[in-house]
Structures are given as structure tokens and as C-alpha cells.
Colleague: 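This is the structure I have questions about; it appears just below.
Ligands are counted one by one from 1 in listed order, and the atoms in each one are counted from 1 as well. Here the structure is a predicted model, which is why all the values come from computation and not from measurement.
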Amino acid sequence: MTEVIRSAAALREKVTTWKRSGMLVGVVPTMGALHDGHLSLARAARGQSDRVIVTIFVNPMQFNNPEDLKKYPRDEARDLALLKADGVDVLFAPGPEEVYPRGFASTVSVTGVSAPMEGAFRPGHFDGVATVVTKLFGMTQAGRAFFGEKDWQQLQVVRRLVTDLNIPIRVIGCPTIREEDGLAMSSRNVRLTEQERSVAPALHRAMQAAAEAIRAGAPVAAALAEARDAVLRAGFAEIEYLDFRDAETLEPLDRPGPPARLLAAAMLGAVRLIDNIAV
Ligand code: PAF
């Protein structure tokens, strides 16, 4: 039975009771439109905590584009059915006035890791993410938080803020879940037309080819240029970035060495897809 809670006060009461009996609480923050990627996080949470909270809040503060916010898919009834089937204890689905009440005036801002890539192309996005995640950690009082590696930069931003602000929560990154053809699962994928959906896996394919080339000793710049060409040839409209970076600091790398990632964001029609893989 999944209980739906909408107020922070009611959630606190529930979590306090759990914690009094020594239970470890896990949280999976989401914006809904759940897919197998989210459910894999809920399952990881179930395996590593006594009680699981999934949060659904389409956070206006992290959308730099009002059209994107308006079009963001929402279907709470379907999401709830999926969470019930997965044995999630609580769906915390606050309204905007619960998260940002009148007079709200604080922002959590992480510098450094949040600056390039998503930070450069979506100004203000990570302030919105960092602020809401900090609030969700405070409201849920969870001991463990589960995030997908699909949003690799977001994961680094959350790790940074948890360390910097001494938030007593362990952040656990979980592997990206992909469709059979390699496309990373994302709530935005439902907005792809049939034709775009058939083109979409080209991004992951090109990144894999670049990763293999770099591992085999090809110059990084040449491998990235070839991947960018392949993505555009496949039918993507624009590449915002396709970069080779240090996995933790997200500093650009011009040769392999420390643990590294390829990260990309590209427009396919009106849909913005992101992906990343380890090298
Ligand atoms: O990854 C997401 O869905 C969102 O950025 C998050 C972490 C739930 C914050 O709104």
C-alpha cells in the first residue's frame, strides 16, 4: 500500500515514527512521468532501506524554459499505480505552495561542477535543482537518497552540496536504464515522434564509438569530432555539447587518465536528449 502525502508536516510525522523504531529511510526524488529508470531507483532504495519515499514534484525553479515546464509530462494516477506495484511506502507529492510558500526567498547555489554543460545551456537550472533537493532532503529526513547516473552532472552537484552543507544523507548513484536499442530512458522520450524515436539511439551509438576510439588511443578531439558528425548525420538538429570530462570534477580532459565520462546534450526535433557514459 502506497500512502500519498502532500504536506511536509504529515510527512515529518510519518518519518519520525519510522525513525523512532530504528528504520532507515530511503528517498527517490523525481518529477514524475515514471519509467523503468525511476523504478530501478525505487528498487535500489527498497533493497538498501527499511522504508521508501518517492517524491514527485515538477519543480518550476529548475526550468529555464517555460514551454518545457508546460509540456513536462504529468500523470500522477499512473505513477501511483506503478509505485504501488513496486511496494513503495509513501508517495510524497507536494503542491508548489507547499514547496515554495509565499515569501520563499532562499536559493542553494553550487559553483564549479554546476557551471559547464547543463549549467551553461540551462542558466539557473542547477540552482533550482540544488534548492529543491535540499528542501526534499529536509522534508523527508531520509538517510539515503537514490539518483540516476543518467543525470551525471546533477549527481555531482548533489554530492557536492551534501558534502558542503553537511547534510546527513548518503547519496547513491544508480546506473542508467536503457531501451533495447540503447536510448537512455527519460520522461521526455514520450515527446519524440515515431521518426525521431528511430533516430534517437544514434546519440548513444556515437558516444560508444567515441569511447571505444579513445580507449584504443585515438586523439580525444578527433573522436569527439567524429561523434558530433555522426549524431548530426543521423538527423539530430543540434548538439549543445558532446564532451570528454573528468567524471568527478567535470573538468574537460584532452586525454584519458583519471576516471572520465563522455557527456552530451542534443536536440532531436523539439526534444532535448542528454546522455553520458563512462570511458
Ligand atoms: O532528476 C530529476 O528528476 C530532478 O532534477 C530532481 C532531482 C527530482 C529535482 O527536481
Side-chain angles (χ1 to χ4, degrees), residues 5-6 8 11 26-42 44-45 52-66 68-76 78-79 82-83 88 90-96 98-100 104 106-110 113-114 117-119 121-140 142 144-162 165 167 169-177 184-191 263 265 271-276:
I5 298 184
R6 300 199 189 270
L11 183 66
V27 64
V28 180
T30 83
M31 297 204 299
L34 303 180
H35 50 67
D36 280 352
H38 297 113
L39 299 179
S40 77
L41 299 178
V52 177
I53 304 170
V54 171
T55 71
I56 295 184
F57 178 61
V58 182
N59 176 30
M61 195 177 169
Q62 72 187 73
F63 285 82
N64 55 312
N65 175 349
D68 195 23
L69 172 62
K70 209 157 77 190
K71 285 199 199 132
Y72 202 83
R74 293 167 171 88
D75 190 347
E76 192 185 291
R78 179 184 166 276
D79 289 346
L82 291 170
L83 298 177
V88 165
V90 164
L91 163 59
F92 179 52
E98 185 69 11
V99 179
Y100 301 117
F104 185 84
S106 304
T107 303
V108 179
S109 200
V110 178
V113 283
S114 69
M117 302 185 290
E118 294 301 293
F121 283 92
R122 303 180 67 191
H125 169 67
F126 281 126
D127 282 1
V129 170
T131 303
V132 84
V133 164
T134 305
K135 288 200 56 124
L136 290 170
F137 289 170
M139 289 191 276
T140 60
R144 290 194 176 162
F146 298 79
F147 287 86
E149 290 183 349
K150 152 102 187 333
D151 294 290
W152 184 266
Q153 190 176 8
Q154 169 172 280
L155 180 59
Q156 306 318 310
V157 170
V158 172
R159 286 194 194 286
R160 188 74 257 162
L161 83 85
V162 162
L165 303 181
I167 300 178
I169 198 164
R170 196 164 131 206
V171 176
I172 294 154
C174 303
T176 302
I177 305 296
M185 288 194 186
S186 161
S187 304
R188 288 191 167 84
N189 292 352
V190 297
R191 288 172 46 205
L263 306 104
V271 184
R272 187 172 183 276
L273 298 180
I274 63 169
D275 204 345
N276 73 88

Colleague: What atoms of ligand 1 come closer than 4.0 angstrom to any heavy atom of Pro29?
Modeller: 8 (C)
Colleague: What are the atoms of ligand 1, with element, lying closer than 4.0 Å to any heavy atom of Val132?
Modeller: 9 (C), 10 (O)
Colleague: Taking only heavy atoms of Gln62, which atoms of ligand 1 are found under 4.0 Å from at least one of them?
Modeller: 4 (C), 5 (O), 9 (C), 10 (O)
Colleague: Between Val158 and ligand 1, which part of the residue brings a heavy atom under 4.0 Å of the ligand: side chain, backbone, both or neither?
Modeller: neither
Colleague: Can you list the ligand 1 atoms lying under 4.0 Å from a non-hydrogen atom of Thr30?
Modeller: 8 (C)
Colleague: Nearest 0.5 angstrom please: Ile167 CD1 to Thr134 OG1, how far?
Modeller: 4.5 Å
Colleague: What's the verdict on ring pair (Phe, Tyr, Trp, His ring centres under 6.0 Å) for Phe92 and Phe57, showing C-alpha distance, side-chain angles and the deciding distance?
Modeller: CA-CA 8 Å; Phe92 179 52; Phe57 178 61; 8.9 Å; no
Colleague: Which atoms from ligand 1 have a heavy atom of Gln154 less than 4.0 Å away?
Modeller: 1 (O), 2 (C), 4 (C), 5 (O), 7 (C)
Colleague: Could you check whether any side-chain heavy atom of Val99 comes within less than 4.5 Å of a side-chain heavy atom of Lys135, counting everything from C-beta outward?
Modeller: yes
Colleague: Less than 3.5 Å apart, any donor N or O on the side chain of Ser109 or Asp127 sitting next to an acceptor on the other?
Modeller: yes
Colleague: Just by distance, no angles: are the side chains of Asn59 and Tyr72 close enough, under 3.5 Å, to form a donor-acceptor pair?
Modeller: no
